[in-house]
Amino acid sequence: MSRQLDNDNPTIFAPTASTSTKRIQKGKASLWSEEALLEEDYAVSGYGSGSGSEEDEREDIDAEEVYDLLRSITDPEHPVSLEALRVVNPDDIHVAGNRVLVYLTPTIPHCSMSTLIGLSLRVRLLRALPTRYRVDIRIKSGTHQSEHAVNKQLNDKERVQAALENKHLLGVVEGCLQTADKRGKA
């Protein structure tokens, strides 16, 4: 027996242009490209052959790159990306130093999948970003009826750990992340 969907007919938007091209136009290779791994000055976390201090060789990420990591994650209810549903968008991602703040916008105010989507975003960033980054995932203000409760769940380490120990929840998160490697590719 299948469960009734929270949002039977979500609005689907056209994907935005890939933001990784903006970074390349600025003269920097994408941190996720194979060319970046081949550069001789690549020496983060002991990789490469750089000779300077780790602080000098560390390249910071920006909101565009975080968006590229998140945009192709699939919605748990629909076979559509979070970008196409406008659950994540570049204007709601903020990077300052070693802190990454992502606001997600549920498709409906009573979306029961908001916590699961937020968990998928957190797992994707925790797996992709260096450990020096602190990740905060929040519901965009005024877009969910249980905004405070969902924010509390998404940013409580013990609750996140307990959720990831649940095999069923982890399976659903892994399903959402199966398309995460597309990172803005058509």
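Atoms considered below: every heavy atom in the structure, side chains included; atoms not considered: hydrogens, waters and symmetry mates. Residue numbers count from 1 along this sequence.
- Of the N and O atoms on the side chains of Thr143 and Thr105, not one donor lies less than 3.5 Å from an acceptor on the other residue.
- Atom OG in Ser141 sits 12.5 Å away from atom NE2 in His148 (nearest 0.5 Å).
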For Val100 and Ile61, run side-chain contact (heavy atoms from CB on, under 4.5 Å): C-alpha distance rounded to whole Å, both residues' side-chain angles, the deciding distance at 0.1 Å, then the answer. CA-CA 9 Å; Val100 176; Ile61 61 164; 4.1 Å; yes
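- Side chain of His144 to main chain of Cys111: a donor-acceptor pair is present (N/O by atom type, distance under 3.5 Å, no hydrogens or angles).
- A distance of 10.0 Å separates CD1 in Ile139 from CD in Gln153, rounded to the nearest 0.5 Å.
- If you take CG on Leu69 and CZ on Arg127, they are separated by 13.0 Å, rounding to the nearest 0.5 Å.
- The closest side-chain heavy-atom distance from Leu121 to Arg124 is not below 4.5 Å.
- Looking at heavy atoms from C-beta onward, Pro106 lies in side-chain contact with Leu104 at the 4.5 angstrom threshold.
- There is no path of hydrophobic side-chain contacts, each under 4.5 Å, that joins Tyr103 to Leu154.
- Nearest approach of Tyr67 to Asn89, heavy atoms of both residues: CE1-CA, 3.6 Å.
- Among residue pairs with one or both ends in residues 97-121, those qualifying as salt bridge (Lys or Arg N to Asp or Glu O under 4.0 Å) are Arg99-Asp136; sequence neighbours excluded.
- Remark: side-chain polar atoms of Ser146 are not paired, donor with acceptor, to backbone N or O of Ala149 under 3.5 angstrom.
- Evaluation of the side-chain hydrogen bond (donor to acceptor under 3.5 Å, both in side chains) rule for Asn166 yields no partner, not counting sequence neighbours.
- Of the inter-residue distances, the one linking Cys176 atom SG with Leu116 atom CG reads 5.5 Å to the nearest 0.5 angstrom.
- Contact annotation: the side chain of Val135 never approaches that of Val102 to less than 4.5 Å [non-hydrogen atoms, C-beta and beyond].
- Leu119 contributes atom CG, which lies 12.5 Å from atom OG of Ser114 (distance to the nearest 0.5 angstrom).
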Stepwise side-chain contact (heavy atoms from CB on, under 4.5 Å) check, Val80 with Thr74: CA-CA 5 Å; Val80 180; Thr74 305; over 6 Å; no
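- Checking Arg122 against Asn155 by side-chain atom types alone, a donor-acceptor pair falls below 3.5 Å.
- When all heavy atoms of Pro76 and Ile117 are compared, the pair lying nearest together is CD-CG1, 3.6 Å.
- Taking CG of Leu125 as the reference point, atom CZ of Arg134 lies at 13.5 Å (rounded to 0.5 Å).
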Check the pair Val88, Leu82 against side-chain contact (heavy atoms from CB on, under 4.5 Å), reporting the backbone distance first and the verdict last. CA-CA 6 Å; Val88 294; Leu82 297 181; 3.9 Å; yes
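- Screening residues 138-156 for salt bridge (Lys or Arg N to Asp or Glu O under 4.0 Å), with sequence neighbours left out, gives Asp92-Lys140, Asp156-Arg159.
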Going through the distances and angles, do Asp68 and Glu64 end up as a side-chain contact (heavy atoms from CB on, under 4.5 Å)? CA-CA 6 Å; Asp68 276 344; Glu64 293 173 355; 5.6 Å; no
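- For the side-chain contact (heavy atoms from CB on, under 4.5 Å) criterion with Val95, the lone passing option out of Asp62, Leu101, Val66, Asp60 is Val66.
- In terms of modelled atom types and a separation under 3.5 Å, the side chain of Ser72 and the main chain of Ala180 share a donor-acceptor contact.
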